[in-house]
Amino acid sequence: MVGYKTKMVERISLPAREQRERNLEEAGYNVFNLSSDDVFVDLLTDSGTGAMSDRQWAALMSGDEAYAGARSFDELESAVADVMGFDHVVPAHQGRGAENVLYGTLLSEGDVVPNNTHFDTTRAHVANQGAEPADCPVAVAHDPSASEPFKGNFSLERGRELVDEVGPDRVPVVIQTVTNNSAAGQPVSVENTRRVREFADEIDATFVIDACRFAENAYFVQQREEEFADASIADIAHEQLGYADAVVMSGKKDGLVNVGGFVATDDADLFEQCKQRAILYEGFPTYGGMAGRDVAALAVGLREAVEREYVADRVEGVREFGELLAEAGAPIYEPPGGHAVYLDAGAALSHLPDETFPGQALVCELYREGGVRGVELGSFAFPDTDRPELVRLAVPRRTYHREHFEHVAETVETVLEKREDVRGLELASEPEMPEIRHFTAELEPVGP
Ligand code: F0G
């Protein structure tokens, strides 16, 4: 048996209700504008918010800060080779930096890019190259109550329809995101990855896996895909990622660090091109925007992420959080994802019309009621896409304990008791790029 004990603590507090009311108003009903000191349980994201292990902190101290040829980079390279199976690594300051490097290299104006579902930064980076992001989730992904094992899968039917519509020449890249963050953190089967590999080969496209949560995905595969019931998490991860031509990675998720990311590939030409672009946007290719110490901690984190004890504790902890919420009467997206539980705000606040952002209204109520911060991933975050009104409660890795999750469940229960009083919201101001408006837009309550 393996577990953890706590070595360092951080004090948190719940501001008084009037203060929370004021904070919400001052934040323009956008919780990205709240100060984290005013948040009691912060489930905004699982990205870069987790606790590092003692082994990672130790690696941090021995990080090599050399501009070129840093030893810490060698450690990262060997961790990526061992854990993910790729020989070449281009580090970046975080996932979206790696997206800029990779998609800036692979895409041009007029291209169309299928992905099981684009995460917001992926969508924005594809669009930023003048290309068109096209989501290809399986139909069941948008059904919060269907209890299927791999609701994160890529729909090959949709992908092939798309190629028929636009022609294969306009589809140079196919992406698969594991787990599928924008589809409630649902996993992708290895079988589906194999089929996407075939699809990419048919149209001569580069197959990219967005591997942010590859270890959590591998755990689901072990639990749910019969062929892999006896395989290790490390072997499953290695096999699944091995079908891709390149992976794009945010170390802030299954790299178990607070910052960092990379592109990895076996393709020497692609590596060279990415390296040149990385020098322009990220830094010299042995640090890529990270401090040497962060590179060193990432090398250790990648290896820890595929340890069975770690990832089982992680994913089962999220599942138990889902159970607490369901017991509190919350309509949750079933089954819970690997890094988060998603609330079905459309069902929870069914009296609010979609154009008044029921998801964002629920996010605001959770803060007002219990100082809990979640994030809307519905029509506010993804304008002009057809998806359920979800609110994500993301669980930072190795950070919160049962009493925090109980507090969140009680908060949700109280909000639901008063649901008829919850008002919808309307936009008061929004930035230019619709793909990223939810980070900075401000809202106000609808009506008197
Ligand atoms: N791809 C996926 C699937 C992601 O979930 C994220 C980040 C990124 C790429 C970009 O990585 O943040 O390191 O630049 N997701 C975070 C989230 C922000 O809250 O889900 P990044």
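Along the sequence shown, residues are numbered consecutively beginning with 1. For ligands, and for the atoms within them, numbers begin at 1 and follow the listed sequence.
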Query raised in the report: For ligand 1, which atoms sit closer than 4.0 Å to a heavy atom of Lys252?
Result: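 Here the atoms of ligand 1 in question are 13 (O).
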
Against heavy atoms of Thr177, which atoms of ligand 1 measure under 4.0 Å?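 So the atoms of ligand 1 that pass are 3 (C).
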
Discussion item. Quick check: do Tyr400 and Asp42 have side-chain heavy atoms less than 4.5 Å from each other?
Written reply: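 They are in contact (side-chain heavy atoms under 4.5 Å apart), so the answer is yes.
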
Check: His438 and Glu376 side chains under 4.5 Å, non-hydrogen atoms: no

[atom] [closest protein heavy-atom partner, distance rounded to 0.1 Å]:
{"atom": "atom 9 (C) of ligand 1", "answer": "Glu99 OE2, 3.4 Å"}
{"atom": "atom 10 (C) of ligand 1", "answer": "Thr121 OG1, 3.4 Å"}
{"atom": "atom 3 (C) of ligand 1", "answer": "Asp210 OD2, 3.3 Å"}
{"atom": "atom 4 (C) of ligand 1", "answer": "Phe119 CD2, 3.4 Å"}

To atom 11 (O) of ligand 1, the nearest of His118, Lys253, His125 on a heavy-atom basis is Lys253

Regarding atom 13 (O) of ligand 1: of the candidates Ala92, Ala211, Ala340, Ser250, which has the closest heavy atom?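 That would be Ser250.
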
Original post:
What do you reckon, does Arg213 have a nitrogen or oxygen under 3.5 Å from a nitrogen or oxygen of ligand 1?
Top reply: yes

Quiz item: So is Gly95 polar-close to ligand 1, meaning N/O to N/O under 3.5 Å?
Solution: yes

Which bit of Arg392 gets closer than 4.0 Å to ligand 1, counting heavy atoms only: side chain, backbone, both or neither?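 The part of Arg392 near ligand 1 is the side chain, not the backbone.
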
Determine whether the side chain, the backbone, both or neither of Arg96 has a heavy atom under 4.0 Å from any heavy atom of ligand 1.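 Answer for Arg96: both.
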
Q) Are Thr117 and Asn180 linked by a side-chain donor-acceptor pair shorter than 3.5 Å? A) yes

Answer yes when [X] and [Y] have at least one side-chain N-carboxylate O distance shorter than 4.0 Å, and no when they do not.
{"X": "Arg158", "Y": "Asp135", "value": "no"}
{"X": "Arg96", "Y": "Glu99", "value": "no"}
{"X": "Lys253", "Y": "Asp46", "value": "no"}

- [ ] Check the surroundings of atom CD in Glu157: do more than 12 heavy atoms from other residues, nucleotides or ligands lie under 6.0 Å from it?
- [x]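 At most 12 heavy atoms, drawn from other residues, nucleotides or ligands, come within 6.0 Å of this atom.
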
| task | Work out whether the distance between some heavy atom of Gly261 and some atom of ligand 1 is less than 4.0 Å. | result | no

- Should the pair Phe284 and Tyr287 be assigned to parallel (<30°), tilted (30 to 60°) or perpendicular (>60°) ring geometry? parallel

Between Asp120 and Phe439, the two heavy atoms sitting closest are OD2-CZ, 3.4 Å

